[in-house]
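Every chain is numbered from 1 and lettered A, B, ... according to where its sequence line falls, protein lines coming before strand lines.
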Amino acid sequence: MNPISCNGAFNLKYTVESGQPLTFHSQYSKRDNVEHLEYVTTKGKIEIRLSNSRLSYLSEGGYTRRSAGKEVMERFGLRDDLQDIYKRINTDPFMAKAISEFRGLRITQNDPWETTLCFIMSQFNNIKRIKGIIQRMIGEFGYEFDGIRLFPAPEAIAASDIARIRSCGTGFRDKYIRSAAEQFAHSFNPERLYGMKYEAAKESLMELDGIGDKVADCILLFGYGKKEAFPIDVWIKRVMERTYFNGRKRSVQKIHEFADLRWPGLQGYAQQYLFHYARSRGIK
DNA sequence: ACCCAGGCGGGCG
DNA sequence: CGCCCGCATGGG
């Protein structure tokens, strides 16, 4: 195993069980105080080990030791300075509790296409079921390489008929998935969004069929590392109204405006801590 | 048997 | 613009 270091606290369990894209195609286990994770990407397979705060990795498939190290650093946001982030988002007692409860939770940075597929799947769905669908899509459309079934490329799904996509259990999302796959394979250039500002990149994503305000923010946050993105789902809407608006209903637009003012540049980190805190407490 | 889950698009007033 | 509705599927 190759050692790797990170900038401050890192809690693998919170990060992996948090419903970020990694959740949908990785396997986490812990025994004898050793944590273990493996996942497939569009290039190969990565294994992570965490023991006594020592992090290490192994890779198979199309990775070199060096490129796998880069994959792990970037995937788990290990360059993010969590101490500084906590200082900047810790604006009130509620956030303070959320941070103290989930210290070490990091925002992962995933492949844009992989993130798009996972979050189109998330609409009107639940995390457990999303995971099953993604596993089946890897089985059905994943490319076999070195004995590893890799995460499906958009081309493989773009070339499929709708019924085969639906056979993975996607339900009504089948048409959105194929449409997005076609665009990623042909017309839509995902690389272009890295260099774009948050607002423009969001507009561009929302032109795709099946991608609205929330899914676009998820793709920008988890796929492009744009930390200004603040995905507003039912949990965030409820906890924000309850915590910052005296329990009164607010439009998604108003909530965005509030988050932008309160946690400028780090809305996404604030969102993750609020989200997991709200869910763990069952705040409704 | 029910109920609901990390939304979205389309139709309506 | 804001609201309301239907939508596939399967686990609790």
**Study point:** Side-chain donor-acceptor contact under 3.5 Å, Ser251(A) with Gln253(A)
**Key:** no

Q | Gap in Å between the two P atoms, one belonging to dC4(C) and one to dG6(B), rounded | A | 22 Å

Members sharing Leu37(A)'s hydrophobic cluster, built from side-chain contacts under 4.5 Å between Ile, Leu, Val, Met, Phe, Trp and Tyr, are Ile4(A), Phe10(A), Leu12(A), Val16(A), Leu22(A), Tyr28(A), Tyr39(A), Ile46(A), Ile48(A), Leu50(A), Leu55(A), Tyr57(A), Tyr63(A), Val72(A), Met73(A), Phe76(A), Leu78(A)

Specify the separation, in whole Å, of atom [atom1] of [X] and atom [atom2] of [N].
| X | N | atom1 | atom2 | value |
| --- | --- | --- | --- | --- |
| Gln253(A) | dG2(C) | CD | P | 8 Å |
| Met137(A) | dT9(C) | CE | P | 14 Å |
| Lys254(A) | dC3(C) | NZ | P | 13 Å |
| Asp209(A) | dC7(C) | CG | P | 17 Å |
| Met206(A) | dG7(B) | CE | C1' | 11 Å |
| His256(A) | dG7(B) | NE2 | P | 13 Å |
| Asp213(A) | dG6(B) | CG | P | 18 Å |
| Ile127(A) | dG7(B) | CD1 | P | 10 Å |

Taking a pair to mean Watson-Crick or G-U wobble geometry with both distances below 3.5 Å, dG6(B) pairs with none

Give a yes or no on whether a salt bridge exists between Glu17(A) and Lys30(A), defined as a side-chain N under 4.0 angstrom from a carboxylate O. no

Does a salt bridge link Arg178(A) with Asp161(A), judged by any charged N lying under 4.0 Å from a carboxylate O?
no

Among the nucleotides dG9(B), dG7(B), dG6(B), whichever has the atom closest to the side chain of Gln272(A) is dG6(B)

Of the listed dT9(C), dG6(B), dG7(B), the closest approach to the Arg166(A) side chain comes from dT9(C)

For [Y], is there any backbone N or O sitting under 3.5 Å from a side-chain donor or acceptor partner on [X]?
| X | Y | answer |
| --- | --- | --- |
| Tyr277(A) | Met95(A) | no |
| Thr42(A) | Ala153(A) | no |
| Lys226(A) | Met196(A) | yes |

What is the nucleic acid contact for [X], judged by heavy atoms within less than 4.0 Å: base, sugar-phosphate only, or nothing?
| X | value |
| --- | --- |
| Ile211(A) | sugar-phosphate |
| Gly19(A) | base |
| Thr23(A) | nothing |

Relative to each other, are the rings of Phe184(A) and Phe188(A) parallel, tilted or perpendicular (30° and 60° limits)?
tilted

Check: dG7(B) base within 3.5 Å donor-acceptor of Lys214(A) side chain = no

Taking for Tyr176(A) and for Pro231(A) the nucleotide of DNA chain B with the nearest heavy atom, the one nearer the 5' end belongs to Pro231(A)

Has Arg173(A) got a side-chain N or O lying under 4.0 Å from the OP1 or OP2 atom of dC8(B)? no

Restricting to nitrogen or oxygen on both sides, can you table the protein-nucleotides 10-12 of chain C pairs closer than 3.5 Å?
none

